[in-house]
J.: 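Structure incoming, see below.
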Amino acid sequence: LAEAIYRDLRARLRSGDLDPATRLVDLDLARAYGTSRSPAREALVRLANEGFLEGSSRGFVPARLSLEDIRDVFEVRKLLEPRAAGAAAPRMNDANVETLWGLATAAQSAADRRDASALAMANVAFRDLWLETTPNRRLSETITRFADHVWAVRRMTLADPDTQKVVAKGLGAMAQAFQDRNEARAFAETTQFIAAAEQAFYSCCSRPILEQAL
């Protein structure tokens with residue numbers, strides 16, 4: 001039960017479904033999930049230990065990241081993700097590639113509709129799939145954790161129509177690199193994709209707005 005609650009809350013954080021002001025209390029969660037207080041508390045503590053939540057006067061709230069935190073996360077992602085994507089590219093099979101293209105198409109459709117939630121889900125699913133193909137499991141787990149720490153970044157930037165187009169285009173370019181099983185191109189496209197995400201974050205939000213929202 002604790003694992004199920006953990007995974008559900010983690011998925012809601014990843015998709016931006018949880019508002020930054022949301023307060024998570026073990027008793028409330030226990031009622032919502034029809035379980036006792038202990039599994040709910042265990043799931044919340046685990047998310048807090050992993051940096052997704054932080055304690056408050058009553059329960060937990062989504063962790064607030066400073067601008068320095070976000071810079072640090074992007075730096076880690078730029079160091080790790082391109083290498084992992086390059087390692088994954090030669091290991092792709094036809095089923096993987098077909099699924100990636102389906103997700104890239106879904107992302108483009110979401111961008112056309114200006115559906116930020118659907119775009120976020122396609123983006124996360126796309127990354128999860130190629131990370132599953134990365135041979136180094138510790139590397140893929142580390143990338144997932146750091147990428148998910150900036151869920152607030154996705155929540156803010158994916159509401160911007162121009163950023164939505166950049167993300168959809170980037171996923172298409174990465175899908176092509178994976179289809180070609182091209183390690184160098186997968187490395188390059190992933191590098192460009194993360195750089196574009198970082199630039200979008202700073203360009204679509206002014207510093208005062210960031211400091212208020214994070």
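Remember, it's a predicted structure, so these values are computed and weren't measured experimentally.
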J.: Less than 4.5 Å apart, side chain to side chain, heavy atoms only: is that true for Y33 and L1?
T.: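 When only atoms from C-beta onward are counted, L1 and Y33 do not touch, as no gap falls below 4.5 Å.
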J.: Return all side-chain donor-acceptor pairs below 3.5 angstrom for residues 167-179, not counting sequence neighbours, or 'none' if the list is empty.
T.:
{"residue": "Q176", "atom": "NE2", "partner": "D180", "partner atom": "OD1", "Å": "3.0"}
{"residue": "Q176", "atom": "NE2", "partner": "D180", "partner atom": "OD2", "Å": "3.4"}
{"residue": "Q179", "atom": "OE1", "partner": "W101", "partner atom": "NE1", "Å": "2.5"}

J.: Measure the shortest side-chain to side-chain distance between T35 and I5 over non-hydrogen atoms and say whether it is less than 4.5 angstrom.
T.: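 Yes - at least one pair of side-chain heavy atoms lies under 4.5 Å apart.
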J.: Do the side chains of L53 and V61 get nearer than 4.5 Å, heavy atoms only?
T.: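 No, every pair of side-chain atoms sits at 4.5 Å or beyond.
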J.: Verify the distance criterion only: is there a donor paired with an acceptor across the side chains of R113 and S109 at less than 3.5 Å?
T.: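 Distance-only check passes for R113 and S109.
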J.: I'd like to know if the side chain of R181 and the backbone of M92 have a donor-acceptor N/O pair within less than 3.5 Å.
T.: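 Side chain of R181 to backbone of M92: a pair is present.
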J.: Please check if the side chain of N96 supplies one atom and the backbone of N93 the other of a donor-acceptor pair under 3.5 Å.
T.: yes
J.: Quick check: do R10 and F52 have side-chain heavy atoms less than 4.5 Å from each other?
T.: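 R10 vs F52: side chains touch.
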J.: For residues R31 and D28, determine if any side-chain heavy atom of one lies less than 4.5 Å from a side-chain heavy atom of the other.
T.: yes
J.: So, is the end of the R46 side chain (NZ or CZ) under 6.0 Å from the ring centre of Y6 and within 45° of the ring's axis?
T.: yes
J.: Within a strict 4.5 Å, meaning less than it, do heavy atoms of the R77 and E198 side chains meet?
T.: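 Contact flag for R77/E198 side chains = no.
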J.: Any sub-3.5 Å donor-acceptor pair from E42's side-chain atoms to A2's backbone N or O?
T.: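 Not at all, since once roles are kept as given, no pair shorter than 3.5 Å links the two residues.
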J.: Keeping the roles fixed (side chain from R23, backbone from S56), state whether a donor-acceptor pair exists under 3.5 Å.
T.: no
J.: Find out whether F146 and L79 are in side-chain contact, i.e. whether some heavy atom of one side chain is under 4.5 Å from a heavy atom of the other.
T.: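 They are not in contact (no side-chain heavy atoms under 4.5 Å apart), so the answer is no.
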J.: For T133, is there any backbone N or O sitting under 3.5 Å from a side-chain donor or acceptor partner on R91?
T.: yes
J.: Answer whether the closest heavy-atom distance between the side chains of L103 and N123 falls below 4.5 Å.
T.: no
